[in-house]
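A, B, ... follow the sequence lines: proteins, then strands. Residue 1 opens every chain. All heavy atoms count here, side chains included; hydrogens, waters and symmetry mates do not. Source: prediction; values computed, not measured.
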Amino acid sequence: MSEQHKVYKPKAISGFPEWLPEYRAVELAWLDKIRAVFESYGFCNIETPSVEEIDALSAKAGETEKEIYTLTRLQADDGESKEARLALHFDLTVPMARYVAQHFGQLVFPFKRYQMQKSWRGERPQKGRYREFYQCDIDVVNIDELPIHFDAELPAVLFEAYQALGIPPVEIHISNRKILIGYLQGLGVADTAPLTRALDKLDKIGADGVLKVLADEGVSADVAQKALAFVQIKTPDSSFADKVRALGVQNELMEQGITELQFVTDNLKHLHGDKNAGGGMVANLGIIRGLDYYTGTVLEARFKENATHWPKGAPSLSIGGGGRYDDLAGSFINQKLPGVGLSIGLTRLFGLLMDQGKIAAGSKSPADVLVVLPDEARRAEASDTARTLRSRGFKVEMYHRDAKIKNQMAYAEKKGIAHVWFPPFKDGQPHEVKNMTTGEQKPADAAVWTP
RNA sequence: GCGGUCGUAGCUCAGCGGUAGAGCGCUUGGUUGUGGUCCAAGAUGUCGCGGGUUCAAACCCCGUCGAUCGCCCCA
């Protein structure tokens, strides 16, 4: 090796987070907890490839299209097109739609699946926004018609998942697109898109900001005021309906949406139980969501703003969301497949809490026990001891070389391994185990020992 | 894609014109089989990269790359 070899200075790649072992351990535990909640409702798991054909992704991409990472080989084979055919998926909904269409004949409907994988988007990274991130999705897809039952079940699953993580209180904000669209139609608005885009920013730019944007868009002051009054409606129960009707607009689609949202809120009353104080569900007509394939229920999860749990001024970013779509797989198969689904932005959630210092580091090692190597001649005995403990379900690391005992102990200490096992140093001596927390050390038998 | 800020030891940063420092971390030692504390010694940097100004640049100027915060948009 040359003394002056050139080193490639390691650096973080923006938007592609990675954690130290003690934090990755927490992230892994989260994935397990979320998975357990999903499965407790009978959702099955699938995993789809990281890549899809660009044509498949583009079918529903819309604005997202420019953020797609395409995949090409550095060295294309002769005759192989230089044009990319494959791309990394930017969410899990499109792959799921393709999957359902492709395996249509072999799936049982309503198809309830969960999927926890990374997705990629080539956006400018910033707080709470990454280019590579985990999403934990659940969706229910059915043929022709999907019962409203699921619109209420999914938010409940979502809420339970957040609870399982032991994070600050989360609120699930729910609305229904039909109410807003019907309301705007009732106001005589023909093209609703520009309005919804502006109204969606209420939380970010405030009421005055929204009015200003609407004025710039050429919306009349009367319509703007009425639209604003609508998106400011927020109730912890189904009483939102009276408030909507009090605004004086009559519309059939709107009434249909109200009925649906009432069903959902009525069936989520249990989220307000005492043990959930501080979090829960709220009917929030300001929830709109940008994706245009949502047609009914839309929902978003956010941390509840609360001085004791969440510092003032912290971002009230969405940490999960979803909704109902009439037909997502329509571009893949000649079947009507309505669905309702939602996604937990795990990396965003985890990253935000990391920034706030609210993730308590886990252990640097999963090991329960470090078996000391007294000296080279006793390696076999140490090895047998480790094996015995493992066979009993303990996670056991054996020290890797004949080093001073203080070094072996310091190693256990640094890795946070709770017990150090001492095989005999001389024939006839008993095994001993030391509890690194209490400092207590006593004779033990690997075949029967318990911490 | 567009704007603001910032790039000095593994990490957090000080130094702001005379050729590099602290704290933490790391390595070794404080004797015979035992960690966390303490003490002692030690290793570590083309001061992001390229050019310019100057007798002299980590420091001033220009460019570039990277990071970061915000806009658009979204989990």
With rounding to the closest Å, how many angstrom separate the [atom1] atoms on [N] and [M]?
N: B:rG4; M: B:rU8; atom1: C1'; result: 23 Å
N: B:rG18; M: B:rC60; atom1: P; result: 12 Å
N: B:rA75; M: B:rG63; atom1: C1'; result: 38 Å
N: B:rU64; M: B:rC2; atom1: P; result: 12 Å
N: B:rU46; M: B:rC62; atom1: P; result: 26 Å
N: B:rG36; M: B:rG25; atom1: P; result: 12 Å
N: B:rC6; M: B:rA41; atom1: C1'; result: 37 Å
N: B:rC26; M: B:rG45; atom1: C1'; result: 15 Å

Look at all strands and tell whether [X] reaches a base, only sugar-phosphate, or nothing, counting heavy atoms closer than 4.0 Å.
X: A:Tyr130; answer: base
X: A:Lys118; answer: nothing
X: A:Ala412; answer: nothing
X: A:Arg197; answer: sugar-phosphate
X: A:Gly320; answer: sugar-phosphate
X: A:Glu132; answer: nothing

Electrostatic pair [X]-[Y], nearest N-O below 4.0 angstrom:
X: A:Lys118; Y: A:Glu132; answer: yes
X: A:Arg197; Y: A:Asp200; answer: no
X: A:Arg131; Y: A:Glu123; answer: no
X: A:Glu52; Y: A:Arg85; answer: no
X: A:Arg289; Y: A:Glu300; answer: yes
X: A:Lys434; Y: A:Glu440; answer: no

Closest to side chain of [X], choosing from [options]:
X: A:Ile405; options: B:rU34, B:rG35, B:rU68; value: B:rU34
X: A:Gln441; options: B:rG33, B:rC74, B:rC73; value: B:rG33
X: A:Arg124; options: B:rG35, B:rG1, B:rC73; value: B:rG1
X: A:Glu123; options: B:rC73, B:rG36, B:rA67; value: B:rC73
X: A:Arg348; options: B:rC74, B:rC72, B:rG70; value: B:rC74

(message) Can you tell me how far apart CD1 (A:Ile68) and CZ (A:Phe90) are? Round to the nearest 0.5 Å.
(response) 5.0 Å
(request) Please figure out whether A:Gly345 or A:Ile13 has its closest RNA chain B nucleotide nearer the 5' end. (result) A:Ile13
(message) Quick check on RNA chain B: between A:Met409 and A:Gly321, whose nearest nucleotide comes earlier from the 5' end?
(response) A:Met409
How many Å lie between [atom1] on [X] and [atom2] on [N], as a whole number?
X: A:Tyr162; N: B:rA75; atom1: OH; atom2: C1'; answer: 8 Å
X: A:Asp427; N: B:rG33; atom1: CG; atom2: C1'; answer: 15 Å
X: A:Leu299; N: B:rA75; atom1: CG; atom2: C1'; answer: 12 Å
X: A:Glu376; N: B:rG33; atom1: CD; atom2: P; answer: 16 Å
X: A:Glu67; N: B:rA75; atom1: CD; atom2: P; answer: 10 Å
X: A:Arg121; N: B:rC73; atom1: CZ; atom2: C1'; answer: 9 Å
X: A:Lys201; N: B:rC71; atom1: NZ; atom2: P; answer: 10 Å
X: A:Glu397; N: B:rG35; atom1: CD; atom2: C1'; answer: 15 Å

Name the pairing partner of [N], where a pair is Watson-Crick or G-U wobble with both distances under 3.5 Å, or state none.
N: B:rG33; answer: none
N: B:rG21; answer: B:rC13
N: B:rC49; answer: B:rG63
N: B:rC2; answer: B:rG70

(message) Please find the pair of heavy atoms, one from A:Leu285 and one from A:Ile179, that lie closest to each other, and give the distance.
(response) CD2-CD1, 4.3 Å
Presence of donor-acceptor pair under 3.5 Å, side chain of [X] and base of [N]:
X: A:Arg129; N: B:rC73; answer: yes
X: A:Glu413; N: B:rG35; answer: yes
X: A:Gln408; N: B:rG33; answer: no

(message) If you compare every side-chain N and O of A:Ser14 against the phosphate oxygens of B:rG66 (OP1, OP2), does one of them come in below 4.0 Å?
(response) no
(request) Would you please confirm or rule out a distance under 4.0 Å between OP1 or OP2 of B:rC71 and any side-chain N or O of A:Gln126? (result) yes
(message) For A:Phe350, run the ring pair (Phe, Tyr, Trp, His ring centres under 6.0 Å) check against A:Tyr130, A:Trp30, A:Tyr134, A:Phe133 and tell me which one passes.
(response) A:Trp30
(message) Using the ring-ring contact (aromatic ring centres under 6.0 Å, His included) criterion, which residues pair with A:Trp449? Sequence neighbours excluded.
(response) A:Phe394, A:His419, A:Trp421
(message) So A:Leu353 and A:Phe303, do their side chains get closer than 4.5 Å, heavy atoms only?
(response) yes
(request) Output yes if the stacking criterion (under 5.5 Å between centres, under 30° between planes) is met for A:Phe422 over the base of B:rG33, else no. (result) no
(request) For each nucleotide in nucleotides 23-32 of chain B, reading 5' to 3', give B when a protein heavy atom comes within less than 4.0 Å of its base, S when such contact involves only the sugar-phosphate, and - otherwise. (result) ---S--SS--
